[in-house]
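When a ligand or atom number is given, it counts from 1 through the structure's own listing order. These figures come from a predicted structure and were not determined experimentally.
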Amino acid sequence: MELRPGLSALVTGGGAGIGRALILALAQKGIFVTVVDFSQENGKEAASLAGTEVSNFHSNLTFPPVLFIKCDVTNKNELAAAFGKHVETYGGLDICINCAGIATPVSFYTDETDGSKSWRRAIDVNLIAVIDCTRLAIQAMKARKKPGVIINVGSASGLYPMYADPIYSGSKGGVVLFTRSLALYKRQGIRINALCPEFVQTELASKMDPKFIALMGGFLPMDSVVKGAYELITDESKAGSCLWISNRRGIEYWPTPAEEDKYRLQPRTSRRKPPEVVPINIQLPQNFQKIVVHTLSHNFHSATSVVQAPLRLPLKPDHVLLKIIYAGVNASDVNFSSGRYFSGGGTDLASRLPFDAGFEAVGVVAGVGDSVKHLKVGTPAAIMTFGSYAEFTMVHSKHILPVARPDPEIVAMLTSGLTASLALEKAAQMESGKTVLVTAAAGGTGQFAVQLAKLAGNKVIATCGGKDKAELLKSLKVDRVIDYKVENIKTVLKNEFPKGVDIIYESVGGEMFDICLNALATYGRLVVIGMISQYQGEHGWRPRNYTGLCEKLLAKSQTVAGFFLVQYAHFWQHHLDKLVDLYSSGKLKVAVDPKPFFGIHSVADAVDYLHSGKSVGKVVVCVDPAFSPRQAKL
Ligand code: NAP
């Protein structure tokens, strides 16, 4: 929701502290506001200040620009009257901020009373009233059938324990989980979020021990709380979100995606429909074509050739025959063809020749062994096993990843998508509110990394070489695209990100790695995804020396982490499901390079094309051109 003049907002506890600051901030945008407060004096004063601001945007109003309503938020009749008056005056309610809150006046284990000085009062004001206000706001917003935003002001002590006031902490924890449980109201156009600041210099916080405040890094500037509220109002993707604001960590969403994953039910076990069988007539030939590596070389053309192989039937009982429709092209195809993926090295390597090439594909099941009961002929499936540059492949049924459709976009989500998803979660330990830099960002895996970092609530910087790539990255909502053909990456990072970058997803290597390492912030994490610039050196890929690396890391408590997808196979299906869900719901876009490559004979050209630096998005080979896009899109 854009903050614009003419909207209306109701803020409880608007007379003082955070509520008052939010009232004034909204008024400065020309938004009509109702100040709801228990204190006549504070409320009237805040309303008067806000009234002056709102009046700057509107003339000849037939209604007051700001209302003050004296109200005890624990009295549900008074509350209902306040919401009623607001809707009657402004014709609806666009924003509701429930901010009224008190510290606990008395220790809970000595107090058995019910009155205004009891600990129950804190629960009533901090939690029960928030529930009541949320109810009234939802009713007011639904009645007008227009989008609305509700912010329930929790506290950082609703995220972690506050030993000095367990009742306060408990009530705010209640606000947080209550609010997060309302995420699905987004479907009705109402976004409800929690705002959880640490201590701001207000009357409430003035009772805190100054030593404790100093330990927390001092009071939080009110500006950061206002900024957080603006973000929750304007960012349409935020619903059931909880924004934690602290001096120590800045603005950050809680829980992080990694934390959320620990308890979230997986749709695959609950809602996911089994993939539909593709109605195609699969003719099993006697022979099929595949690519084999016959000579170890980084030059894919000279390392490989297309051969005919016999289709050996019957299948082993636990095996599946997959007819391949699309195969994915990867930067590392040239590392595989040079033998780099086999450990041991030396003369041993040559003894493995010839071996099958290709890492990933989608297709349909063309045959199943006797003991495979969960897969049928025609089931769309993906594989991430070696030997995918082939018209058919036989794999153990445990390697089959059922997918909804045998589409090129699904191929892109395999090695490229999974690398981004897993590396950011496991190696980068990505949270939100950070600055994330992605190199080769318009490539196969980079495009996923930028989007996942954005979806997690980070500021994203992306490097690429070329106008088309820069266009793609802008369309993916990257905050700062650096086209190195036009701008100097080092200069941009130095001038615009002087504090450094928190997370770097680095896949270019060589000089780019050095630039990235120098741009890493204190505590930053740089994940080595690859080093494509090195793969095809004149004498092959030669390891580089990084002089002074340890000293740099030590001086800034930084981490350089490696990531290799094959070591995370046990997470593939879960992360693939997550990517497919994001894609199906329109939150994730998948760019497939438009240059067509048809048939097994085009694979080597496709590998060259990826390494030419010209590709935009994922490079895919259509192995079976007879399988029309109409069928593929199902
Ligand atoms: P990709 O990003 O689609 O690769 C193409 C892009 O890389 C090009 O458009 C170009 O982008 C850049 N590039 C190509 N050749 C280059 C060169 N000689 N020097 C500098 N940049 C060059 O390829 P991908 O398959 O998705 O792989 C990207 C990287 O991720 C590779 O390093 C790959 O090894 C790595 N990877 C690692 C894992 C893992 O498990 N660790 C898994 C998958 C991929 P710009 O010119 O726009 O920068």
* Have Tyr505 and Thr445 got a donor and an acceptor in their side chains that come within less than 3.5 Å? -> yes
Residue, atom and distance of the protein heavy atom nearest atom 1 (P) of ligand 1 read Gly444 N, 3.6 Å
for atom 41 (N) of ligand 1, nearest protein heavy atom and its distance come out as Phe563 O, 2.7 Å
Quick check against the 3.5 Å criterion: does Asn299 have a side-chain atom that pairs as donor or acceptor with the backbone of Ser302?
yes
If you compare Gly562, Ser507, Ala591 by their heavy atoms, the one closest to atom 32 (O) of ligand 1 turns out to be Ser507
Checking heavy atoms under 4.0 Å, the part of Leu565 that sits near ligand 1 is both
Under 3.5 Å, side chain of Thr439 to main-chain N/O of Ser507, donor-acceptor pair present? yes
Check for me whether Thr463 has a heavy atom closer than 4.0 Å to any atom of ligand 1. no
Exam field: side chain Gln536 to backbone His298, donor-acceptor pair closer than 3.5 Å | yes
A student checking ligand 1 against Val508 at a 4.0 Å heavy-atom cut-off should list atoms 20 (C), 21 (N)
Closest to atom 31 (C) of ligand 1 among protein heavy atoms sits Ala331 CB, 3.7 Å
Near Asn330 (heavy-atom distance under 4.0 Å), the atoms of ligand 1 are 25 (O)
Atom 34 (O) of ligand 1 sits nearest the protein heavy atom Tyr535 OH, 2.5 Å
Self-check item: Side chain Arg405, main chain Ile410, donor-acceptor under 3.5 Å
Solution: no
Logged contact type for Lys614 with ligand 1, heavy-atom cut-off 4.0 Å, is neither
Per-atom filter on ligand 1: closer than 4.0 angstrom to a heavy atom of Cys464 are 47 (O)
Of Ser615, Ser533, Gly443, Gly537, the one whose closest heavy atom lies nearest atom 19 (N) of ligand 1 is Ser533
One finds that the ligand 1 atoms under 4.0 Å from a non-hydrogen atom of Lys469 are 8 (C), 9 (O), 10 (C), 11 (O), 45 (P), 46 (O), 47 (O)
If you scan protein heavy atoms around atom 28 (C) of ligand 1, the nearest is Thr445 CG2, 3.8 Å
(message) Test your reading of the model: is there a side-chain donor-acceptor pair from Ser241 to the backbone of Lys238, 3.5 Å cut-off?
(response) no
In ligand 1, the atoms that come under 4.0 Å of a heavy atom of Ser332 are 34 (O)
Among non-hydrogen protein atoms, atom 47 (O) of ligand 1 lies closest to Gly465 N, 2.8 Å
among protein heavy atoms, the one nearest atom 13 (N) of ligand 1 is Ile532 CG2, 3.7 Å
Among Leu610, Asn335, Thr419, the residue with a heavy atom nearest to atom 38 (C) of ligand 1 is Thr419
Quick note on ligand 1: atoms under 4.0 Å from a heavy atom of Tyr484 include exactly 45 (P), 46 (O), 48 (O)
In ligand 1, the atoms that come under 4.0 Å of a heavy atom of His611 are 15 (N)
Atoms of ligand 1 under 4.0 Å from any heavy atom of Thr415, numbered from 1 in the order shown, are 43 (C)
When distances are taken from atom 37 (C) of ligand 1, the protein heavy atom at minimum range is Ile529 O, 2.9 Å
**Side chain Tyr535, main chain Met531, donor-acceptor under 3.5 Å** = yes
Inset, instruction - Give a yes or no on whether the backbone of Thr234 and the side-chain of Glu2 come within a donor-acceptor separation of less than 3.5 Å. - result: no
Q) Do Lys494 and Asn488 have a side chain donor and acceptor closer than 3.5 Å? A) no
Practice problem: Would you kindly say whether Asp605 and Ser602 are connected by a side-chain donor-acceptor distance under 3.5 Å? | Solution: no
From the list Phe300, Trp541, Phe355, ring-ring contact (aromatic ring centres under 6.0 Å, His included) with Phe336 holds only for Phe355
- Please step through side chain to side chain contact (heavy atoms under 4.5 Å, CB included) for the pair Val560 and Val528, ending with a clear verdict. CA-CA 7 Å; Val560 172; Val528 176; 3.8 Å; yes
